[in-house]
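One is the number of the first residue; the rest follow in order along the sequence. Just the heavy atoms: all of them, side chains too, but no hydrogens, waters or symmetry mates, feed the values below.
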Amino acid sequence: MQQNNNAQGSALGYDAVNRYGDVGVTYGLTGGLLNGRTAFMPGFEEKILVGDDNKATSLKIHPSLSYLLTSTIKATVGVNYNRGDASYQSTSRYRLKDFGTNQYHGEVKGERWFVRGQSVQDFGGTTYDLSFLGLFIQNSPVPGLLDANGKPVTYAQRYFSEYARVYNTARLRDGKADADAQALALAAAQPLQLSPVSAEFAALREQIVQDATPGRGARINPSSLLNEGNAQYNVNLGETTDLIVGAAYRKFRLGSQGNLYSDVDGRIQNHEVGGYAQFTIKLLDERLKLALAGRLDAFKNFKPAFSPRASAVYSAGNQRQHNFRASYGRAFRSPTQLDQYIRLDLGPVLLLGNVGNGFQGYSLTNGQAVNVAALELERLSSYEVGYKGALSEKLVLDVNYYRNYYNDFIGAQRFVGSADGSRPATPAAGRMLQVWTNANQEVRTQGAAVGLNYAFAPFLNVAANYSLNVQDRSDVQDAEFQTYFNTPKHKYNVGANGIVVSHLSYALNYRWAQGHEYGLPFAVGQLSDYSSMDAYLGYSFSKMGLTLQGGASNLLNANNIQVYGGPQIGRLVYVGVQLDIK
């Protein structure tokens with residue numbers, strides 16, 4: 001949504017989260033008494049723009065073949081074929097149509113080692129961006145309508161011109177109050193938006209949906225490739241000592257024809273490579289287990305990073321039923337491929353990556369200081385302590401506490417820059433840019449969790465868990481910096497499961513989460529508390545290897561929103577058959 005938005009329900013219009021094509025204009029001197037004020041078109045709801053593309057479908061075929069090369073070495077090859085239609089929300093709201101992935105994978109595995117590799121291709125089919133679709137409909141020329149200079153007039157231009165004409169006439173000639181003039185202007189301009197039930201709308205919608213030209217069409221047709229391989233070997237150094245060594249490599253080839261990434265000159269090439277080792281030893285009659293690990297990663301766009309980790313687990317009690325654990329780790333998070341290479345024009349905001357041929361950062365003063373450096377790796381130091389043990393034969397307790405320290409936290413920053421998003425040589429204004437960058441201050445999170453499981457009998461096991469997650473932004477001076485923490489402060493689960501008779505099993509689970517701020521580049525807003533009751537029932541025919549299954553997610557149909565800007569989630573009922581072939 002635009003930062004200079006009007007209040008919901010304003011007769012000037014407003015930029016709504018789930019409407020598309022509600023484009024806005026800030027009037028200048030030619031707007032008369034509207035000079036400096038912003039008006040918005042009504043736009044179109046998602047169900048209007050999606051139309052008949054409102055089905056969710058999924059087709060998955062995952063055949064694999066394994067062969068024993070020797071009694072201890074097995075080779076496996078497989079293919080994952082996935083196709084589907086759905087809606088997706090991230091930097092914008094997308095309608096995934098005929099979207100799919102092809103994955104080819106293989107592995108050779110021994111008792112102490114393995115070598116794996118896979119190749120993944122994704123493609124967008126006829127996927128399209130709803131924000132683009134609404135925007136380009138409004139900015140399309142009205143058939144046969146020209147201005148005084150003989151140039152085509154768009155639906156948006158006609159709308160805002162009529163709104164300003166009626167408003168100023170009402171105020172200056174008729175002496176109407178501001179609110180009354182706005183209402184009259186809205187009533188006169190609204191019918192000028194292209195009617196979604198007209199043949200012109202249907203033809204224009206289809207034209208824009210099928211057009212993948214950046215700046216003109218809404219079709220997003222990503223077709224990216226990922227090739228990766230990894231290998232690992234476990235060296236037995238003794239009865240109580242082991243050493244694991246391994247390596248991994250990833251090669252990305254990103255493609256969107258300029259519709260999502262900055263790849264107008266061809267596929268973007270990116271790669272990562274890393275190696276790791278872990279040493280473990282058991283002491284004190286194997287009650288104490290120590291582990292020391294390290295990983296070294298190298299990246300195309302960033303400096304190499306070393307990640308150490310240490311952990312200790314001590315088992316106490318006659319049956320070693322009380323387990324105390326502690327760990328420390330330092331890790332690095334590489335920015336996602338979108339963080340690095342996105343270039344997506346949403347109209348009010350231009351989203352830009354921040355490495356390579358993306359946005360490279362600059363320092364300037366334009367009313368206020370704007371300092372945007374190129375992206376770096378995010379650094380995390382994490383501490384965790386916990387306990388898991390059997391307090392009795394039937395009661396198990398699991399409790400832990402963690403604290404994380406983030407430096408160079410990867411998030412998004414908005415500021416005004418060059419209209420085309422380029423790196424300006426001098427202070428410039430005219431376009432809102434959103435660029436992925438690193439926070440200058442440390443961001444801290446901490447939390448705790450506790451879980452209980454009590455086995456009354458085979459027909460009744462009761463489980464409950466609670467977690468606390470807190471983000472500390474007290475030292476983050478830039479209030480506009482978005483961390484997208486997206487985690488409820490309080491949440492809990494309470495459930496029961498068991499086997500009623502020899503072949504009949506069931507499960508019930510109630511989930512609750514506290515409302516919290518949820519943010520994506522698409523939108524940032526507050527969620528309300530939400531909850532759900534899930535249920536499962538299964539009956540197995542063990543001799544046949546057959547299980548009949550049925551269940552429901554959100555059984556009580558407690559509609560809730562778990563992603564800001566996303567849909568209400570209602571009841572989902574399913575039935576299935578599981579066949580195990582040995």
Side-chain angles (χ1 to χ4, degrees), residues 16-21 43-62 79-103 120-137 196 205-206 208-212 217-226 254-257 259-261 336-338 342 344 346 351 484 486 511 518-525 527 530 532 534 551-554 557-576:
V17 174
N18 292 122
R19 281 205 312 255
Y20 309 91
F44 310 99
E45 294 180 351
E46 181 171 336
K47 63 181 179 181
I48 297 297
L49 292 183
V50 168
D52 293 335
D53 296 337
N54 58 359
K55 304 295 189 300
T57 65
S58 178
L59 172 63
K60 298 181 179 181
I61 303 174
H62 297 171
V79 177
N80 291 346
Y81 176 92
N82 305 283
R83 299 293 184 272
D85 304 283
S87 294
Y88 176 71
Q89 181 174 304
S90 177
T91 52
S92 183
R93 185 90 170 154
Y94 305 97
R95 181 59 192 169
L96 305 181
K97 189 177 179 184
D98 303 322
F99 184 86
T101 61
N102 295 325
Q103 179 186 26
V120 183
Q121 177 190 15
D122 65 65
F123 50 90
T126 52
T127 293
Y128 52 93
D129 184 318
L130 295 180
S131 296
F132 284 171
L133 178 55
L135 174 66
F136 295 150
I137 287 176
R205 175 195 177 279
E206 185 65 17
I208 296 173
V209 163
Q210 295 297 330
D211 192 346
R219 183 175 176 182
I220 304 292
N221 190 23
S223 179
S224 298
L225 300 168
L226 167 64
L254 309 175
S256 70
Q257 299 178 336
N259 283 303
L260 183 60
Y261 300 109
T336 68
Q337 302 307 302
L338 278 175
I342 190 173
L344 186 62
L346 299 180
L351 309 183
Y484 301 139
N486 296 346
R511 297 177 287 127
Y518 193 102
L520 288 171
F522 173 72
V524 178
L527 298 180
Y530 52 90
S532 176
D534 304 327
S553 174
N554 195 6
N557 202 31
N559 287 345
N560 56 77
I561 296 176
Q562 299 182 19
V563 175
Y564 188 72
Q568 290 270 3
I569 300 175
R571 182 191 297 117
L572 174 65
V573 179
Y574 63 91
V575 294

| note | Separation between CG (L527) and OH (Y564), nearest 0.5 Å, reads 8.5 Å

| said: Do V209 and L133 make a side-chain contact, defined as non-hydrogen atoms from C-beta onward lying under 4.5 Å apart? | reply: yes

| task | Mark yes or no for whether S223, through its side chain, and G255, through its backbone, hold a donor-acceptor pair below 3.5 Å. | result | no

| field | side-chain contact (heavy atoms from CB on, under 4.5 Å) evaluation trace for Y530 with I561 | value | CA-CA 7 Å; Y530 52 90; I561 296 176; over 6 Å; no

| task | Please determine if D53 and K47 form a salt bridge, counting it only when a charged side-chain N lies under 4.0 Å from a carboxylate O. | result | no

| request: Using a 4.5 Å cut-off on heavy atoms from C-beta on, say whether the side chain of L260 contacts that of L338. | output: yes

| field | T57 (side chain) donor-acceptor with G84 (main chain) under 3.5 angstrom | value | no

| request: Starting at CZ of F123, measure out to OG of S224 and round the result to the nearest 0.5 Å. | output: 12.0 Å

| said: When you compare the side chain of T127 with that of R219, does any pair of heavy atoms fall below 4.5 Å? | reply: no

| task | Can you see which heavy atom on N18 is nearest to which on G565, and at what distance? | result | ND2-O, 2.7 Å

| task | Any chance you could measure R93, atom CZ, to F522, atom CZ, to the nearest 0.5 Å? | result | 6.5 Å

| Is I137 close to I208 at the side-chain level, that is, under 4.5 Å between some pair of heavy atoms? | yes

| request: With rounding to the nearest 0.5 Å, note down the distance linking CG in N259 to CG in D129. | output: 9.0 Å

| Distance-minimising heavy-atom pair for Q257 and A212 | OE1-CB, 4.4 Å

| said: Within the structure provided, determine whether V50 and L130 are in side-chain contact (heavy-atom separation under 4.5 Å). | reply: yes

| message | When you compare the side chain of N80 with that of K60, does any pair of heavy atoms fall below 4.5 Å? | response | no

| side-chain contact (heavy atoms from CB on, under 4.5 Å) evaluation trace for Q89 with L520 | CA-CA 8 Å; Q89 181 174 304; L520 288 171; 3.9 Å; yes

| note | Checking K97, Q210, R205 against Y128 for side chain to side chain donor-acceptor pair (under 3.5 Å), the one that qualifies is R205

| said: Treating N557 as the side-chain partner and G570 as the backbone partner, does any N or O pair qualify as donor plus acceptor under 3.5 Å? | reply: no

| field | Test log, rule side-chain contact (heavy atoms from CB on, under 4.5 Å), inputs Y94 and Y88 | value | CA-CA 5 Å; Y94 305 97; Y88 176 71; 3.8 Å; yes

| said: If I take atom CZ from residue R19 and atom CG from residue L49, how far apart are they, to the nearest 0.5 angstrom? | reply: 11.5 Å

| request: Begin with the C-alpha distance, continue with both residues' side-chain angles, and end with the deciding distance and a verdict on side-chain contact (heavy atoms from CB on, under 4.5 Å) for L344 and Y261. | output: CA-CA 7 Å; L344 186 62; Y261 300 109; over 6 Å; no

| Ionic contact status for R83 with D98, cut-off 4.0 Å | no

| When rounded to the nearest 0.5 angstrom, what is the spacing between CZ in F136 and CG in D211? | 8.5 Å

| field | Heavy-atom side-chain contact between Y81 and N102 under 4.5 Å | value | yes

| Counting only N and O atoms by type, is there a donor-acceptor contact under 3.5 Å from the side chain of D534 to the main-chain atoms of N554? | yes

| Hey, are the side chains of F132 and I220 touching, using non-hydrogen atoms and a 4.5 Å cut-off? | yes

